[in-house]
Amino acid sequence: MKRLAMKQNNIMSHVVAGFPSKDGCVKLLLKMQAVGVRAIEIQIPFSDTVADGGEIMYANEIALKNKTTVDRCFMTLKIAQDQGYITPTYIMCYLQKIYHFGIDSFCKISQEHGVKGLIIPDVPIDSPEYSELFIACEKYQIDLVPVLTPRMNDMRKQLYLNGNPDLVYVTSMRGITGKKFQSSQQLAQFVDGIRQVSDCLVAVGFGVRSYEDAAIIMEFADIAVVGSEVIKSLRMGGMQPAVDSLKRIIG
Amino acid sequence: MSVYFGKYGGRYVPEMLQPVLQELAVEYDTCKQDAVFLQELRSLQTMYNNRPTPLVNAKNLSAMLGGAQVYLKNEGMNHTGAHKINHCLGQALIAKRMRKTRLIAETGAGQHGIATATVAARLGFECTIYMGEIDAVRQQPNVVLMRLLGAEVIEVKDGSRTLKDAVNASLKDLLQNSDSTHYVIGSCLGPDPYPRMNREFQAIIGQEIAEQLQILPDYIIACVGGGSNALGAFHNFLKSPVKLIGVEAGGTGKKPGEHASRFPTAKQGIIEGYKSYFLQDDDGNSQKTHSIAAGLDYIGIGPELANLHDNGRVDFVRVRDHEALAAVRILAQSEGIIPALESAHAVAYALKLAPKLPKEASIVINISGRGDKDIFTLARHFQPEKFGQFIDDEKARYETK
């Protein structure tokens, strides 16, 4: 098994803005930066998180109780940046929140905060909103990151890749965030298929809990996404256990 | 086949779910033209279910109101007591064709859950029903019945613990189990093909109204939660001059959280896989809703109804909890029919409308379900002391056993 070099670690960690609190989230971003993640995806909390499992749903609920609006998510990012946060950041958000905020406005505010790209799990390629988002992301020079899955329709996959994304996000198993990661031939083959037609980076997520899980992903992809596992440690133990669990996965 | 009704509808789900929905759409489009499928469905509707359901001439009520003639399309006479079984039978037959072995469903009032569990038992499927914890508490008798029918009932403790959370839990289950599992969505909403598929299965209501009444009514009135019974009653008449009225849950007031009336305050949004009008807060999250009728207590309206609202074909009004309760008693005592609290909303509006119309006019009220299931709510309002005592005595009987 390849040992991940600290310098070159390829982990993208996941936080839910406003969880455990606004200040807590800022601290978490800075601590994750200190541990040395490659990128972070900040999730905008929402009331109807269809693609998320228990841990992230819980984090969303708490964040909403803390009145974490879309504006406050960006405020959190700015506060972290004022304190030295420079890690490449993606915003993960369900379509409804962006639709409500206004697609152009959302992309604009993302750009103003130095966001690298948007990861939106529920905006299909054949919807009018996808086209609007694509245009707005081009305009504001941020990456619209397709969320793809093995066993998806080949033609649809190609349509997403035709947009020339810098990064694609591949969900590693059928289902929701946080269930145990299962590596499969199918996943590796799917990622290879992407590489044959695109030079985008490939991030793989859902259920990564250990150094070993991440190492398996590194054999065929570029980035392993870690979300639920760290949020679970945060919920059960607090900031330090969360950071420790991330360190363990990074190796 | 378009997945939109005007600008509403769509298939806003992660790519992981697109293939199962695409497969379902193809299968549905095939089945609806297949004479064998249609005959199987017809057979179940007439020999297992109780169709055609009666169209009752509400002579006493009409005389009492002194205006238009009122007719009641009594969907409460369906097996399981509500119109829900119409789309459960249709979807279960499609699931059989797709070789699925398991049905899942969300339920608010419990009627759709019971209908799904019933159909699962009859047609040989495993069954899991998701119900928000708050709904499960107020409709506990239905939970008992679902389990008696062999279904697993899972009380959803996430989020607001009501219908929308049960929908989310069902979508998650489908995400993980789509090979074996068909999700029987309980109304004309969700991602395509559900809205149009369910409307087609419910359209038998309006077809029967046309055959039974023979003349065109002036009005058809139906309560609206997701929109299944309303669209079922309306669909046949969309191209006619019949006035179509959807009655929403006015709850206890106009403030957010006191009602579940999408119109006039709801905004366009994209939630639970479709674009429509949703009751939302200032930041685009689901709004809390309330209705005495669990089946109407929901944030989103079916996309086809959203479109019919925008193009003016269907008018929307709202009725308060206390008006619906009063309507239950009025219909019960004038015609001997106890409507479900949901359906009572339509009755309540008709009570206001009929007196204003001439005697030559006619109104059809879609009585989407019967009210036996609401016994605890009805008792609490109409006979609280006696029924409260009954509950204490019954509890004591459980304990001494």
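Just so it is clear, the structure is predicted and the values come from calculations on it, not from any experiment. Quick note on labels: first sequence line is chain A, next is B, and so on, each numbered from 1.
- Note that OG1 of A:T171 is 3.5 Å distant from CE of B:M16, once rounded to the nearest 0.5 Å.
- Chain A is approached within less than 4.5 Å, heavy atom to heavy atom, by B:K267, B:Q268, B:G269, B:I270 from residues 263-270 of chain B, ordered by number.
- Residue contact with chain B, scored on non-hydrogen atoms closer than 4.5 Å, involves the backbone of A:P45 exclusively.
- A distance-only check finds a donor-acceptor pair linking the side chain of B:D283 to the backbone of A:V70 [under 3.5 Å].
- Ion pairing between a basic and an acidic side chain is recognised when a charged N comes within 4.0 Å of a carboxylate O; B:E15 and A:K157 show no such pairing.
- Residues of residues 91-102 of chain A that come within less than 4.5 angstrom of chain B, heavy atom to heavy atom, are A:L95, A:Q96, A:K97, A:Y99, A:H100 in numerical order.
- Interface remark: B:P14 contributes backbone and side-chain atoms alike to the contact with chain A (heavy atom separation under 4.5 Å).
- Taking all atoms of both residues into account, the shortest heavy-atom contact from A:S47 to B:S286 is OG-N, 2.8 Å.
- Rounded to the nearest 0.5 Å, atoms NZ (A:K67) and CG (B:D282) are 11.0 Å apart.
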task = Kindly indicate, with the supporting measurements, whether the criterion side chain to side chain contact (heavy atoms under 4.5 Å, CB included) is fulfilled by A:M57 and B:K172.
result = CA-CA 12 Å; A:M57 277 179 71; B:K172 283 189 226 281; 3.3 Å; yes
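- Interface with chain B: from residues 58-66 of chain A, residues A:E61, A:L64 qualify, criterion being any non-hydrogen pair under 4.5 Å.
- Neither the backbone nor the side chain of B:F278 comes within contact range of chain A; no heavy atom of the residue lies under 4.5 Å from a heavy atom of that chain.
- Contacts with chain B (heavy atom to heavy atom, under 4.5 Å) involve these residues of residues 120-127 of chain A, listed by number: A:P121, A:D122, A:P124, A:I125, A:S127.
- In this structure, B:K288 places its NZ atom where only 12 or fewer heavy-atom neighbours from other residues, nucleotides or ligands lie under 6.0 Å away.
- Ranked by non-hydrogen atom pairs under 4.5 Å with chain A, the options B:I271, B:V167, B:D281 are led by B:I271.
- Here A:T69 is the residue among A:N153, A:T69, A:L148 with the most heavy-atom pairs under 4.5 Å with chain B.
- The two atoms that bring B:G284 and A:F46 nearest to each other are O-CE1, 3.5 Å, heavy atoms only.
- When the options B:L171, B:V13, B:L17 are evaluated for a side chain to side chain contact (heavy atoms under 4.5 Å, CB included) with A:V50, the one that passes is B:L171.
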